[in-house]
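See below for the structure under consideration.
Per chain, numbering begins at 1; letters A, B, ... match sequence-line order.
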2 protein chains.
Amino acid sequence: MSTVAVIGAGAVGSYYGARLAEAGHDVTFLLRRDYDAVSSAGLRVESIDGDFTLDAPSIARRSDEIGPVDWVICALKATAIEEAQALVAPCVGARTRILVLMNGLGLEDRFAEWFGGERIFGGLAFTCINRGEPGCVHHLDYGPVTVGHHLDDPAELDVAMALWQGAHVEVSTTPSLLAGRWRKLCWNIPFNGLAVTAGGITTDRITTDPELRAAAIASMREVVAAGNADLEDRGEQARLDGDATVEEMMTLTDAMEAYRPSTMIDFVEGRAMEVDAIFEAPLARAQELGVPTPLMALMTAQMRALDRDRAAHHG
Amino acid sequence: MSTVAVIGAGAVGSYYGARLAEAGHDVTFLLRRDYDAVSSAGLRVESIDGDFTLDAPSIARRSDEIGPVDWVICALKATAIEEAQALVAPCVGARTRILVLMNGLGLEDRFAEWFGGERIFGGLAFTCINRGEPGCVHHLDYGPVTVGHHLDDPAELDVAMALWQGAHVEVSTTPSLLAGRWRKLCWNIPFNGLAVTAGGITTDRITTDPELRAAAIASMREVVAAGNADLEDRGEQARLDGDATVEEMMTLTDAMEAYRPSTMIDFVEGRAMEVDAIFEAPLARAQELGVPTPLMALMTAQMRALDRDRAAHHG
């Protein structure tokens, strides 16, 4: 069994941390908003795979109360990336590994600068999870996690798989973390983007409206092209298959209930959105490589303006 | 002097109708919201070219109180196109001409079906005019009107020019109404579209943000391409010059104060937006002709979804 610190125990961090605790790992959750609720009533997971509660999970208000662990799972919002180093550092010892379970491109590069690349992993959670009342997360659909290693070291991927053994999470590995990141963006850019820019709508509105569906697919194809150019430029073998990606992402999304992507929730609740990591960074990379991405550019411009308005009004 | 009926006396109709009245024409305004205000205090125009008030303009609540006139100026919102026939018909006699002073593509076709094409003109107002308090319009900037004839008859254009002679409006004619319509769309699609989809923002936010400015230009180029394909398909000689159009529209918009396009005002005030005429109709035509218009398609999908939400929330 491993010691695990969950830094950024929002919906995603709480859910996957709870799954590791359920499997017997010694998991401590860094909590802010939900500290008192979890302290008094435990951490509740309402899941399509069955509800469960961690009655008395280990929790902390500050990272230095946790100290060095085997695994840090960093599930902060990408908008908090500048705080990540300070929040994670107290939990990092000589042999600590860090799983970056966040949305967006380029985040592992930051962690590698701070803590060295050999201990950094990226986690790609394909799941529908929202926060419920304090101390409760709602796991609505899906749940697989794909793990990649920052240096794509196969031996390290085995170590990561060992952590999840016995946990009720479907975990697989990708030999190319970069390909995994772009694959995830193939969902996030169209669906987080349209859910916000079409007015704060759920995924079913996008999949069932012929014009929005076509826009989702067209923008997804830009992400595929950008990702493949990036992979080629970095000398990686992996490529995304455009048709297969479109088919898979649309089929998965068709099968979801009316889902509220995290960015859409941030939008309607007036919080900062993950524009840099999900939109700006991939767009900048595509433009650097000369890949035509007019739809990504338009949505990024819209997201940036909408996010600025939120910041101006709310914070 | 001519008898004129202004049908749809919102900001644009009231302004240009007032200019014709000022020039001595016998103008009657069909009013709903502002009837009582204008009845008691007149119609006030606050204009960068000098304020003036029509103290006791001729006004009516119903078109049949007006009866046949020389000129109908129809300045309804394009969302009211289905009501236009009934509102205009009582003012149409054997020799009546109709100037369709509305935004969007294909509106003159409808008027031609109802009243015959030879009496139909299109008016393209390039101006910044907003409604003020009841009975008052704010003319903020610009004001030129380009007039085209539905059948592009040069003799009819002379008749139209004669109407405006002596009025404080800069009027010119276009030998191709269709080219004029597309030229106007080169502003409306980028600026009305982005002003709404980037969150209800003013034009200066679009022109000064490099990403939004680039998106405005990129979408404008799509409109130029679609317009030229349409002109070619219909056997017209006129063409839009892409570079010149971009240069001109951006320069004009750079010089505006922070302007709220009409569609943006409709958006933030929760009213139906002119999505069909400004977005759907040009997009449908582009798609029919096989012109790639991914940005127009994305913005149209967003506008449609946002408009549906407004309809749902506000009735």
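Residue with the most contacts toward chain B among Pro294(A), Ala218(A), Ala215(A): Pro294(A) (heavy-atom pairs, distance under 4.5 Å). Considering only heavy-atom pairs separated by less than 4.5 Å from chain A, the leading option among Ala198(B), Gly199(B), Ala214(B) is Ala198(B).
Interface residue Leu194(B): only side-chain heavy atoms are found under 4.5 Å from chain A. Only the side chain of Ile201(A) comes within contact range of chain B, with at least one heavy atom under 4.5 Å from a heavy atom of that chain.
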Could you list each donor and acceptor atom pair linking chain B to chain A at less than 3.5 Å?
| unit_1 | atom_1 | unit_2 | atom_2 | d |
| --- | --- | --- | --- | --- |
| Thr197(B) | OG1 | Gln302(A) | NE2 | 2.8 |
| Arg205(B) | NH1 | Asp309(A) | OD1 | 3.3 |
| Arg205(B) | NH2 | Asp309(A) | OD1 | 3.4 |
| Asp209(B) | OD2 | Arg308(A) | NH1 | 3.2 |
| Gln302(B) | OE1 | Gln302(A) | NE2 | 2.9 |
| Gln302(B) | NE2 | Thr197(A) | OG1 | 2.8 |
| Gln302(B) | NE2 | Gln302(A) | OE1 | 2.9 |
| Arg308(B) | NH1 | Asp209(A) | OD2 | 3.2 |
| Asp309(B) | OD1 | Arg205(A) | NH1 | 3.3 |
| Asp309(B) | OD1 | Arg205(A) | NH2 | 3.4 |

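Minimum interatomic distance between Leu212(A) and Ala305(B) (heavy atoms only, all atoms of both residues): CD1-CB, 4.0 Å.
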